[in-house]
Enquirer: 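Please see the structure below; I have some questions.
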Amino acid sequence: MAEEPTSTTLAARLTAVKSAKSINYYPSNAGWSAMWTGFDAVRIDADLAKVAELGADNVRVIVFPSVFGYPAPKAEYTEKLRKFISIADAHGLTVKVTLFDWWAGYSDVAGSVAWAKAVLAPYAGDPRVLAVEVKNEIQPGDAAAMTWVKQFIPAFRSAIPNLPLTLSVDGGTGAPGMAQIKSALTASPLDYYDYHFYGNSERALPDIRQAQANVAPTPVVIGETGVSSAVYSEGEQAIYLARVFRAATEAGIGSVSPWTLNDFSDGAIPTNSVVSTMPAQYKFGLFRADGTAKLAATVVRTAFSGVPMPNSLLNLSFEAAEIDSPWRKTNTAAGTAVITTGMARTGVLSARFSGTTRTAGGLPGLVLSPITPVQPGYRWRAEAFARGVDATGVTEIALSWFDANGKWISQNTSNRLPAGNTSWTKLVVETVAAPAGAAAVQLHLKSGDNTGTVWFDDAAIS
């Protein structure tokens, strides 16, 4: 009998899972089940070339029993899966397969095991297939689902013992849900946990560490993460991913998989899915539906290359296109910043405040958070240059601190810009340690009660 290839042992596959540079995938014109019903090998080939160009070595694909045929998969669809895996391999990509999406037949354990075996048995010794997610975003509070999975795992393992098995939880269930799953599966434990992180990226590190603690010592990967550029700017989307990659590195997690490669065009998401009614779901991609790259693609390429994420992504000198800027405006009822030419310290652009007041929430301003997460013992420094013409009121910068639940703790403020007409003046928050309990920090550039005009340029935070 031929020996099993070393690369397809359970241990070898699990090692590869923990370091996989992975991307979640559907075509931009055919999301979810439509990928399979309208299978387009030419488009998939072009897309997976993009995945590989980003530096990925793995792609996650989701299959649907209702489409593939249940309880016996149709040859037409198992051939489509075979073709997908072949295309991925041609681009140097292994495949993670997610089973049982859009499925709730939990009373049929025998049928579900037989179906999964039929789909995956051809790949038991195939190094192109890396791992299996039994069910996408299982609900640990669903008693029927958990009863089913406790029976499914040992039955599937007895037939195909060398494929690592995992489950994922949705963003709302999060780390507490992972603890529930671990408790329920003591007799049939998972090989690793797939954390779908959609929380606040400024506080990603404590959330990730809590997820790890809840399932320790079983390893954790981040199998989905991202935000929609229908809700945030493309610059904020990019920095979100940059923060999650950095936090994962700090936590010792070696695999982060952005959701998803592509935005979706109108009509691309099947109408039988509630997802099709959610505008945000169409804009999570690293590439727009027309195929052009967003800044998020640059972030992912940088992360996969192992190069440190550059602070230039933060647009600290305001030179980036508006769509690529992560700065957010605050207290806009009292005034708003305008990115403008004509008074730049360096480059051609700066941020201008004119005729501002204040609200109960404070001064109008611009805010962003660094890529580096807050950690004990790390000291922070921030600066920005400001210049005024007939300036009044308060112009300053501040570091604002928040706990793991997003509650404001305190702030450190800089020297203030003098009133009247001034040349470019450095405002500095000197090196400070995070206060006890801090999990996130924001840099604020603020100018309020100002009947004149103030410009900011060349900020820094480290």
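Numbers here are sequence positions counted from 1. All values reported here derive from a predicted model rather than from experimental measurement.
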Enquirer: Is there a donor-acceptor pair closer than 3.5 Å between any side-chain N or O of Ser305 and the backbone N or O of Thr302?
Expert: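 Answer holds: yes.
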Enquirer: Measure the shortest side-chain to side-chain distance between Val220 and Tyr192 over non-hydrogen atoms and say whether it is less than 4.5 angstrom.
Expert: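 No; the side chains remain at least 4.5 Å from each other.
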Enquirer: Less than 4.0 Å between a side-chain N and a carboxylate O, is that true for Lys329 and Glu236?
Expert: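 Result for this pair is no, no salt bridge flagged.
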Enquirer: Flag the pair Phe68 / Trp103 as yes when their ring centroid distance falls below 6.0 Å, and as no otherwise.
Expert: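 Ring-ring flag for Phe68/Trp103: false, centres at least 6.0 Å apart.
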Enquirer: Are Asp191 and Arg157 ion-paired here, with the side-chain N under 4.0 Å from a carboxylate O?
Expert: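 Counted as a salt bridge, because a side-chain N and a carboxylate O are separated by less than 4.0 Å.
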Enquirer: Kindly indicate whether a cation-pi arrangement holds for Lys74 with Tyr77, taking the cut-offs as under 6.0 Å to the six-membered ring centre and within 45° of the axis.
Expert: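 No cation-pi geometry.
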Enquirer: Can a salt bridge be assigned to the pair Arg82 and Glu79 using a cut-off of 4.0 Å between side-chain N and carboxylate O?
Expert: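 So Arg82 pairs with Glu79 through a salt bridge.
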Enquirer: Rounded to the nearest 0.5 Å, what separates atom CG in Leu167 from atom CD1 in Ile138?
Expert: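 Leu167 CG to Ile138 CD1: 5.0 Å, rounded to 0.5 Å.
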Enquirer: Is Arg128 paired with Asp126 through a side-chain N to carboxylate O contact shorter than 4.0 Å?
Expert: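 A salt bridge is present here (some side-chain N lies under 4.0 Å from a carboxylate O).
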Enquirer: What is the ring orientation for Tyr195 with Phe197, classed by angle as parallel under 30°, tilted 30 to 60°, or perpendicular over 60°?
Expert: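 Correct class here is perpendicular.
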Enquirer: Salt bridge check: are Lys294 and Asp263 linked by an N-O gap of less than 4.0 Å?
Expert: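 So Lys294 pairs with Asp263 through a salt bridge.
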Enquirer: Roughly how far, to the nearest 0.5 Å, is CZ of Arg243 from CD1 of Ile371?
Expert: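 So the CD1 of Ile371 and the CZ of Arg243 are separated by 7.5 Å.
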Enquirer: Are more than 12 heavy atoms, taken from residues, nucleotides or ligands other than Lys283, located less than 6.0 Å from that residue's NZ atom?
Expert: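 Open: at most 12 neighbouring heavy atoms sit under 6.0 Å from NZ of Lys283.
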Enquirer: Please answer whether the main-chain N or O of Val169 pairs with a side-chain N or O of Thr173 as donor and acceptor at a distance below 3.5 Å.
Expert: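 Judged by distance alone, no pair lies under 3.5 Å.
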Enquirer: Answer yes or no: is there a donor N or O on one side and an acceptor on the other, between the side chain of Gln237 and the main chain of Gly285, under 3.5 Å?
Expert: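 Yes; judged by distance alone, with no hydrogens or angles, the pair exists.
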Enquirer: Ring centroid separation for Trp36 and Tyr26, is it under 6.0 angstrom?
Expert: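 No - the distance between ring centres of Trp36 and Tyr26 does not fall below the 6.0 Å cut-off.
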Enquirer: Atom CD of residue position Glu322 - does it have more than 12 heavy atoms of other residues, nucleotides or ligands inside 6.0 Å?
Expert: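 No, not enclosed.
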Enquirer: Is the backbone of Ala12 close enough, under 3.5 Å, to the side chain of Thr9 for a donor and an acceptor to pair up by distance?
Expert: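 Yes, because the side chain of Thr9 sits within donor-acceptor range (under 3.5 Å) of the backbone of Ala12.
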Enquirer: Do Val441 and Phe402 have side chains that approach each other closer than 4.5 Å (heavy atoms only, starting at C-beta)?
Expert: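 Contact flag for Val441/Phe402 side chains = no.
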Enquirer: Could you measure the distance from the CD1 atom of Ile23 to the CG atom of Asn262? Nearest 0.5 Å is fine.
Expert: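 If I round to the nearest 0.5 Å, the distance is 10.0 Å.
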Enquirer: Is a side-chain N or O of Arg60 found less than 3.5 angstrom from the main chain of Glu133, in a donor-acceptor match?
Expert: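 Side chain of Arg60 to backbone of Glu133, a donor-acceptor pair under 3.5 Å: no, none is there.
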Enquirer: Carefully, step by step, assess Glu250 and Arg209 under the rule salt bridge (charged side-chain N to carboxylate O under 4.0 Å, His left out).
Expert: CA-CA 9 Å; Glu250 295 290 341; Arg209 283 180 167 158; 5.1 Å; no
Enquirer: Test Phe100 against every option in Phe64, Phe156, Trp148 by the ring pair (Phe, Tyr, Trp, His ring centres under 6.0 Å) rule and name the one that passes.
Expert: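 Considering Phe64, Phe156, Trp148, a ring pair (Phe, Tyr, Trp, His ring centres under 6.0 Å) with Phe100 is found only for Trp148.
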Enquirer: Quick check on Asp266: does its CG atom have over 12 non-hydrogen neighbours (other residues, nucleotides or ligands) under 6.0 Å away?
Expert: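 Counting neighbours around CG of Asp266, 12 or fewer heavy atoms of other residues, nucleotides or ligands fall under 6.0 Å, so no.
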Enquirer: Describe, in one word, how the ring planes of Tyr70 and Trp115 are oriented to each other, choosing from parallel (under 30°), tilted (30 to 60°) and perpendicular (over 60°).
Expert: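 Tilted.
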Enquirer: Can the positive tip of Lys182 be found less than 6.0 Å from the middle of the six-membered ring of Tyr193, inside 45° of the ring normal?
Expert: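 That pair does not qualify as a cation-pi contact.
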Enquirer: Hey, what's the ring geometry for Tyr198 with Phe284, parallel, tilted or perpendicular (30° and 60° as the breaks)?
Expert: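 Ring orientation of Tyr198 relative to Phe284: perpendicular.
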Enquirer: So among Val132, Leu99, Leu10, which one has a side chain to side chain contact (heavy atoms under 4.5 Å, CB included) with Leu165?
Expert: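 Looking at Val132, Leu99, Leu10, the match for Leu165 under the side chain to side chain contact (heavy atoms under 4.5 Å, CB included) is Val132.
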Enquirer: For Ala124, does its backbone N or O pair with a side-chain atom of Asn162 as donor and acceptor, under 3.5 Å?
Expert: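 Yes, because the side chain of Asn162 sits within donor-acceptor range (under 3.5 Å) of the backbone of Ala124.
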